There are 2 protein chains.
Amino acid sequence: MVTPDPAAPLTPAAQRVLDAASELFYERGIHAVGVDGIAEAAGVTKKTLYDRFGSKEALVVAYLRARDARWRAHLLATLDRVPSPGTARVLAVFDAAESWSTANSPRGCSAINARAESFPGDGDAVLAEVAAQKAWQVGLLADLCREAGVREPEDTARALMLLYEGAIVTVGMGTFDRPFARARSVAAAVLGLDDPSPTA
Amino acid sequence: MVTPDPAAPLTPAAQRVLDAASELFYERGIHAVGVDGIAEAAGVTKKTLYDRFGSKEALVVAYLRARDARWRAHLLATLDRVPSPGTARVLAVFDAAESWSTANSPRGCSAINARAESFPGDGDAVLAEVAAQKAWQVGLLADLCREAGVREPEDTARALMLLYEGAIVTVGMGTFDRPFARARSVAAAVLGLDDPSPTA
DNA sequence: TCGTCAGTAGACCGACCGGTATATCGTCGC
DNA sequence: GCGACGATATACCGGTCGGTCTACTGACGA
């Protein structure tokens, strides 16, 4: 009870807490949001919040996991619509990222943002979670490169990861418009394609 | 006195405050650091801190400006060593970024990190400062591209900016090693060069 | 010599922080 | 009928937050 099972299905109140926390953490940052505010936004008492999640840090990790799960579902659904062997599936990652960021991520990547306000000794669980998410992402790119028969898939995946990370940060910073479209065309060049420019 | 002149030279105590704040803000994030801790680390009372900077937010802006000024000085010094017309000067930005990040930036870009914990309505001055820094950076890349006779310098600068931002974020996240070396070789390809690979 | 200014020392403010406590209630399943 | 459970309400904890205040010291310049 001090550390509730993170794999257990969420009670209705716990779900409301997680939803409220997700929105507040993403919009304002983690340190700027207090547990009192989360509880109030969820229409729940602090007692319930602590009964369900155990600590603020555990709630932060739950937020990061839930958000990443949504992104992966969106990404995998996009990939499912692209026939299996080929570089088009690699580029589809950038299409998925663009539609995702337009709809859900005006402030960039929750993992990157969370990492920006965590440091070793305070927030170790958060650091571990964001590292795992980024490792998964670069691993997926490598898998897609291998599947497409790209030479040096690991190296290429890292190059693509730079473009992906740069684009999502640029979304958050607002440095210029439609960074994922641009990232996609550079990615196509990296893969040795003539820019197929599938996005408008 | 309520709002000290930001252009005035810093008194010795103010400099110590800024130095202490810079280290703490960068290492732990802005919200996680209190003014009491900064004053203590600087060997200064809170009174002095507020006399010199007026508010925590103003101190944050001063921190971002000072750090960016150091980066620009490092970058411009690096560029001074590369003969004037040519794509080598564009790529030198990545060399400068790699040496800078190795020495000063294990946690990535202070502007990106600051942006991650700011939101409109609280931290507007911070948001304005980080936007200005990123605009300057992409503008410099465009200038270097123009100078080198690159076609479509604005578009190319944005592609390079994606690589630059992706690399500095990857430094902070620790996703893989030496992201700037990889970014540089992709940048060379973007510029239409055979990878000259000037970094070891 | 008299201000002015940088600085120290330290008390104080209300608000908020993450987290815990006790006690009560309704709805289930056994 | 009774306990387990989800949830409520409310009060409380020590500590920290950003920020202000009065009072004093020391140095430099007109």
Side-chain angles (χ1 to χ4, degrees), chain A residues 1-21 24-25 28-64 114 117-119 121-126, chain B residues 1-21 24-25 28-64 114 117-119 121-126:
Chain A
M1 91 184 40
V2 283
T3 25
D5 182 2
L10 296 175
T11 65
Q15 187 63 56
R16 264 157 37 221
V17 168
L18 184 54
D19 291 344
L24 289 169
F25 284 152
R28 308 191 185 191
I30 291 166
H31 277 107
V33 174
V35 288
D36 301 80
I38 295 168
E40 189 185 350
V44 149
T45 61
K46 277 210 289 181
K47 176 76 160 64
T48 299
L49 187 155
Y50 274 92
D51 282 348
R52 299 297 135 234
F53 294 95
S55 71
K56 183 185 182 182
E57 185 176 22
L59 178 55
V60 172
V61 172
Y63 145 66
L64 292 171
E117 30 183 343
S118 303
F119 55 94
D122 182 83
D124 292 315
V126 172
Chain B
M1 83 186 48
V2 282
T3 25
D5 181 1
L10 295 176
T11 65
Q15 187 63 57
R16 263 156 40 220
V17 169
L18 184 54
D19 291 344
L24 289 169
F25 283 152
R28 306 191 184 192
I30 291 167
H31 277 107
V33 174
V35 288
D36 302 79
I38 295 168
E40 188 185 349
V44 149
T45 59
K46 277 209 289 182
K47 174 77 160 61
T48 299
L49 186 156
Y50 275 94
D51 282 349
R52 298 297 134 232
F53 294 95
S55 71
K56 184 185 182 181
E57 185 176 21
L59 178 55
V60 171
V61 172
Y63 145 67
L64 291 171
E117 30 184 342
S118 303
F119 55 94
D122 182 82
D124 292 315
V126 172

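These numbers come from a predicted model, not from an experiment. Each chain gets a letter, A, B and so on, in the order the sequences are listed, and its residues count up from 1.
Put simply, NE2 on B:His31 and CD on B:Glu117 are 6.0 Å apart, with the number rounded to the nearest 0.5 Å.
Considering only side-chain N and O atoms, B:Thr45 lies nowhere under 4.0 angstrom from the phosphate OP1 or OP2 of C:dG10.
If you measure from atom CG of B:Asp51 to atom C1' of D:dG19, you get 12 Å, rounded to the nearest angstrom. For the pair B:Ile30 CD1 and D:dT16 P, the interatomic distance rounds to 21 Å; values are reported in whole Å. The nearest whole Å value for the distance from the CD1 atom in A:Ile38 to the P atom in C:dG18 is 8 Å. C:dG18 atom C1' lies 11 Å from atom CG of A:Asp122, rounded to whole Å. Rounded to an integer number of Å, the gap from OH of A:Tyr50 to C1' of D:dT10 is 17 Å. In this structure, A:Arg52 places its CZ atom 20 Å from P of C:dG18, rounding to the nearest Å. Residue A:His31 contributes atom NE2, which lies 9 Å from atom P of C:dG18 at whole-angstrom precision. In this structure, the CD atom of B:Glu40 is 13 Å from the P atom of C:dT8, given to the nearest Å.
Within residues 11-19 of chain B, no residue has any heavy atom under 4.0 Å from DNA chain D.
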Close N/O contacts between protein and nucleotides 23-30 of chain C (under 3.5 Å):
none

Close N/O contacts between protein and nucleotides 28-30 of chain D (under 3.5 Å):
none

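Considering all non-hydrogen atoms of both residues, B:Ser118 and B:Ala114 come closest at OG-O, 2.9 Å. Nearest heavy atoms, B:Ala58 versus B:Phe53: CB-O, 3.1 Å.
Residues that satisfy the side chain to side chain contact (heavy atoms under 4.5 Å, CB included) test with A:Glu57, not counting sequence neighbours, are A:Ser55, A:Ala125, A:Val126. For the side-chain hydrogen bond (donor to acceptor under 3.5 Å, both in side chains) test, residues two or more places apart in sequence or in another chain that qualify with A:Asp19 are A:Gln15. Listed by chain and residue number, A:Lys46 satisfy the salt bridge (Lys or Arg N to Asp or Glu O under 4.0 Å) test with A:Asp36 (two or more places apart in sequence, or in another chain). Checked against side chain to side chain contact (heavy atoms under 4.5 Å, CB included), A:Ala21 has the following partners two or more places apart in sequence or in another chain: A:Phe25, A:Ile38, A:Leu59. Judged as a side chain to side chain contact (heavy atoms under 4.5 Å, CB included), and not counting sequence neighbours, the contacts of A:Thr48 are A:Ala13, A:Val44, A:Thr45, A:Arg52.
Put simply, the side chain of B:Asp122 never gets that close to the backbone of B:Phe119: no donor and acceptor are under 3.5 Å apart. For B:Lys56 (side chain) and B:Gly34 (main-chain N/O), no donor-acceptor pair under 3.5 Å exists by modelled atom type.
Listed nucleotides D:dG19, D:dT8, C:dG18 differ in distance to A:Lys46; the shortest reach to its side chain belongs to C:dG18. Listed nucleotides C:dG18, C:dT8, D:dG18 differ in distance to A:Asp36; the shortest reach to its side chain belongs to C:dG18.
Residues A:Val44 and B:Gly34 each lie close to DNA chain D; by heavy-atom proximity, the contact nearer the 5' end of the strand is made by A:Val44.
Fit an axis to the five pairs at each end of the helix from C:dT1-D:dA30 to C:dC30-D:dG1 and the two axes sit 10° apart, to the nearest 10 degrees.
Looking at heavy-atom distances under 4.0 Å, B:Gly43 makes contact with sugar-phosphate atoms alone, never a base.
No more than 12 heavy-atom neighbours from other residues, nucleotides or ligands sit within 6.0 angstrom of CZ on B:Arg28.
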